[in-house]
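I have placed the structure first, in the form of structure tokens, so that the comments after it can refer back to it.
In each ligand, atom 1 is the first atom listed, and ligand 1 is the first ligand listed.
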Amino acid sequence: MRTEKTACILCSRNCGLLIDIDEQGKFGKIRGDEQHPVSKGYICQKAARLTHYQVNADRLTQPLKRQADGSFVEVSWDEALDDIAKQLVTIREQHGGNAFASVGGGGQGNHLGGAYLAQIRAAMKSKFNYNSLGQEKTGDFWVNGRLFGKQTCHTTEDVEHADYVLFIGCNPFQSHGIPNARDTLKEIRKDPNRTMVVIDPRRTETAKQADIHLQLKPSTDAFLMSAILAIIVRDGLHDTEFLKQHCVGFEQVEVALKQIPIADYVARADVPLELVEKVARDFATAKTACVRIDLGIQHTLNTTLNGYLEKLLYLITGNFGIKGGNNLHASLVPVLGHTDERKGHIKRSVYHQMFPISGIFPPNILPDEILLVGEQRIRAVVVDSSNPLLTWPDTPALEKAFKSLELLVVVDVAMTETARLAHYVLPAASQFEKWEFTGFNLEFPRNGFHLRHPLLPKYGNTLPEPEIYTRLLEKMGAIPKKLPLLANIARYEPKASKHIGYMAAFAAFLARNKAYQAFAASILYRTLNEVLENGAAVAAPLLPLAMQFAYEHSEAVQRAGFKGNRVSLGAELFAAILRERSGIIFSEHRYQDVWSLVKTKDKKIHLAIPEMLQELRLLAQQQATTTSEYPFVLAAGERRSYNANQIYRDPAWRKVDPHGAMRMHPQDAQRLNLVEGDKALCASKHGQISVVIEFDEGMRMGTVSLPHGYGIRYNNGQVLGPELNRLTASNDCDPLSRTPYHKYVPVRIDRVEM
Ligand SMILES: Nc1nc2c(c(=O)[nH]1)N[C@H]1C(S)=C(S)[C@@H](COP(=O)(O)OP(=O)(O)OC[C@H]3O[C@@H](n4cnc5c(=O)[nH]c(N)nc54)[C@H](O)[C@@H]3O)O[C@H]1N2
Ligand SMILES: Nc1nc2c(c(=O)[nH]1)N[C@H]1C(S)=C(S)[C@@H](COP(=O)(O)OP(=O)(O)OC[C@H]3O[C@@H](n4cnc5c(=O)[nH]c(N)nc54)[C@H](O)[C@@H]3O)O[C@H]1N2
Ligand code: SF4
Ligand SMILES: [Mo]
């Protein structure tokens, strides 16, 4: 038995883990790694079950090719990749870059493969990067772009240190998303001087710990948040000094807020006015306050506007750039790009003429971009680390679209519902069999990074994604098989130089060979392979990123304990990343540094966003969309104790909730003549699924919820739990970001007679 260090791959927190592994490679006890500089030993109940991810009946071991009759045969890697390369090149030559899209490229634990997948897009001359961030967070990123100058400016919230915390549409007790969530919540609850407010239609596990719970009507957050903002401005509680010094455009915002009919909007949210007045006042006057939001406002009506109003809450009260407030953070790995739709050269989708946000296209439009464009359609798709057939809106539309493709390749560790439609299924090494990391390093002022080492030998005939995509690029002729000059420099460079000489040669090489710039990741990988031990060269794209980061943030890196000048510091950082098995702190900023992370030219926050002020004006006209035919609002995709996206496929991992039950208030159930455990039919305008009823007094009347992460056919068997996205439709989405209204699905529920 040995004990290895790694991290949990089930949510964006990536808590550090210690896993006992026996001689056969079987996982034993799993516990938190106290030396992990961010999670410090914290874990939740989900991590202990990771053996079900590592070994299960759906694990892929061999490349598979689909036959005419729909069955799969095993093929060699060369056979699969030769044919895929040939087909991709033909499609590119005949139809150009519009004919290809990538889907996914990283999940909750794995972002390394995505850097390599991006090269396939480049080789295909395509800009079409579709992934799940485009069905939750892009509205938020768009607002960041306008406020802070670039969509790469990503905000975080210092819940751990705030005196007053507003949780809007998130349930960190179950979904985490903030450092050591349950401990952090407990600390706030225990401290009489700190206040926790939860705004959520359900009395969630987090709401039960809160000082105040505003159990609003679903989808009315824009009304409630604008009323809170209006109260703050009416009572003169905004931070005029902060606004004068750091912001422009407040005057227009103020005019808009002064027109908000406060009592009317609070009534629309159906929460007590006095309580809202109190929250507004106490939030604005708290010494430090921050706001944490998530899908509750991102998967419902007014998605992008909600993001704007949420940010105004902390900005107009000056809770930005301080301990206990909301802040921007620095990133080592650029998960997000910047794409401003106002610039003419932005590549839009062909059918919807949709622009990317942070470089990402929204899943909602993909079926149409495949099915409705004729000659200009998307013909080939590579799916990586995603199971869109279950997780993207409108399963039937996506199924039809994927079935019509000329080439669908799925790269996954497991046989998924999406993989079953593919022409080729390529087996990836699991996240415990390869080098991995994520770019979910969202902390400020201290930010951490964890490169995980492979813990287990090769499983079957699997390969890590960097190897899969590099071989594919070589077979497509995008990069040569060997670059002897660079490899030689790497080999003969003195070890003490930590690759600085190599990087200089590499930069010179790319300057001379511009066509190779898009393939830098694979070139680094291949040419450093001989000098980095144990296959660590797959992580070599971190070397230039570390160097660039250290160059830009040298003082923050030095404060984190690294020595060197602006050039050598990055090499030191990379060496530490490779060495430290529990991860590292790579930057330690000061709060005032937040202004160096703002990317507007004048370094001010631009508060007035015309599109958002216009939406705010139109809000008054918004009508509810439930009808007598579809009287309930379904939150389609709740986070619970035993769901974790689609990462666990074997249902044996769950200790509770085998059916993924529909939660309903007992009085609603009584009216429908339903008792607990009953089967019912849940129908939206677009589809219907069967559900099992569970009572929950915490549900608001008239609302029901179903969990995310079910609907899987494990081992090609029966569907287990709700296939949520049979109920959702591609065009039920935010008009600006096109992110879906998963938390606002009007449904009817009927008892099934047995
Ligand atoms: N256990 C578990 N944890 C997870 C995941 C998982 O699958 N399982 N997935 C991870 C991922 S990918 C993500 S993005 C995060 C998401 O994390 P969260 O967004 O925190 O999780 P959800 O439960 O989807 O939604 C949060 C809350 O929104 C509320 N809500 C519904 N409608 C409305 C509304 O109209 N207004 C407001 N204010 N609230 C509303 C719901 O009642 C719910 O409590 O979780 C991550 N963590
Ligand atoms: N109705 C509804 N739909 C939703 C949501 C909702 O609340 N309601 N939530 C949405 C949200 S917030 C998100 S983030 C998405 C998530 O949905 P997806 O984008 O589909 O991502 P995951 O569910 O994380 O899927 C992970 C896939 O990666 C595979 N995988 C695991 N490890 C590796 C690896 O190392 N390499 C490769 N190649 N594959 C690997 C797993 O087997 C699995 O198939 O779902 C969205 N869909
Ligand atoms: S699921 Fe999230 S919070 Fe729980 S152990 Fe894993 S990374 Fe940590
Ligand atoms: Mo997500």
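Among the atoms of Ser641, none of the N or O lies under 3.5 angstrom from an N or O of ligand 1. Residue Ile168 has no nitrogen or oxygen atom sitting less than 3.5 Å from a nitrogen or oxygen atom of ligand 1, judged on distance alone. Geometrically, ligand 1 and Gly296 share a nitrogen or oxygen pair separated by less than 3.5 Å.
Between Phe361 and Phe128, a ring centre-to-centre spacing shorter than 6.0 Å is recorded. Taking the centre of each ring, Tyr648 and Tyr642 stay at or above the 6.0 Å mark. Ring centers of His111 and Phe440: under 6.0 Å apart, within the cut-off. Aromatic pair Phe632/His665: centroids not less than 6.0 angstrom apart. Taking the ring centroids of Tyr116 and Tyr469, they lie at or beyond the 6.0 Å cut-off.
With rounding to the nearest 0.5 angstrom, the CG atom of Leu216 is 9.0 Å from the CG atom of Asp270. Within the model, atoms CG of Leu295 and CD of Glu638 stand 11.5 Å from one another, a figure rounded to the nearest 0.5 Å. Atom CD1 in Ile19 sits 4.5 Å away from atom CD1 in Ile30 (nearest 0.5 Å). Rounding to the nearest 0.5 angstrom, the gap separating the OH atom in Tyr53 from the CG atom in Asp58 is 13.0 Å.
Per-residue contacts place Arg202 under 4.0 angstrom from the following atoms of ligand 1 (heavy atoms of the residue considered): 42 (O). Near Thr204, meaning under 4.0 Å from any of its heavy atoms, are these atoms of ligand 1: 44 (O). Atoms of ligand 1 lying under 4.0 Å from any heavy atom of Asp221, numbered from 1 in the order shown and given with element: 34 (C), 35 (O), 36 (N), 37 (C), 38 (N). Listed by number with element, the atoms of ligand 1 under 4.0 angstrom from any heavy atom of Ser219 are 34 (C), 35 (O). Every atom of ligand 1 is numbered from 1 in the order shown, and the set under 4.0 Å from a heavy atom of Asp200 is 27 (C), 28 (O), 29 (C), 41 (C), 42 (O), 43 (C), 44 (O). Contact atoms of ligand 1 toward Gln174: 1 (N), 2 (C), 3 (N) (distance under 4.0 Å to a heavy atom of the residue). When each atom of ligand 1 is checked for a heavy atom of Pro218 under 4.0 Å away, the hits are 35 (O).
Gln119 places a side-chain N or O within donor-acceptor distance of the main-chain N or O of Ser522, the cut-off being under 3.5 Å.
Taking a heavy-atom cut-off of under 4.0 Å, ligand 2 is surrounded by Tyr53, Asn110, Ser132, Gln135, Glu136, Leu295, His299, Asp384, Ser385, Ser386, Asn387, Thr391, Val411, Asp412, Val413, Thr416, Ala428, Ala429, Gln431, Lys434, Glu465, Ala636, Gly637, Arg639, Asn645, Gln646, Ile647, His708, Leu724, Asn725, His742.
Using a 4.0 Å cut-off between a side-chain N of Lys or Arg and a carboxylate O of Asp or Glu, Glu205 and Lys208 do not qualify as a salt bridge.
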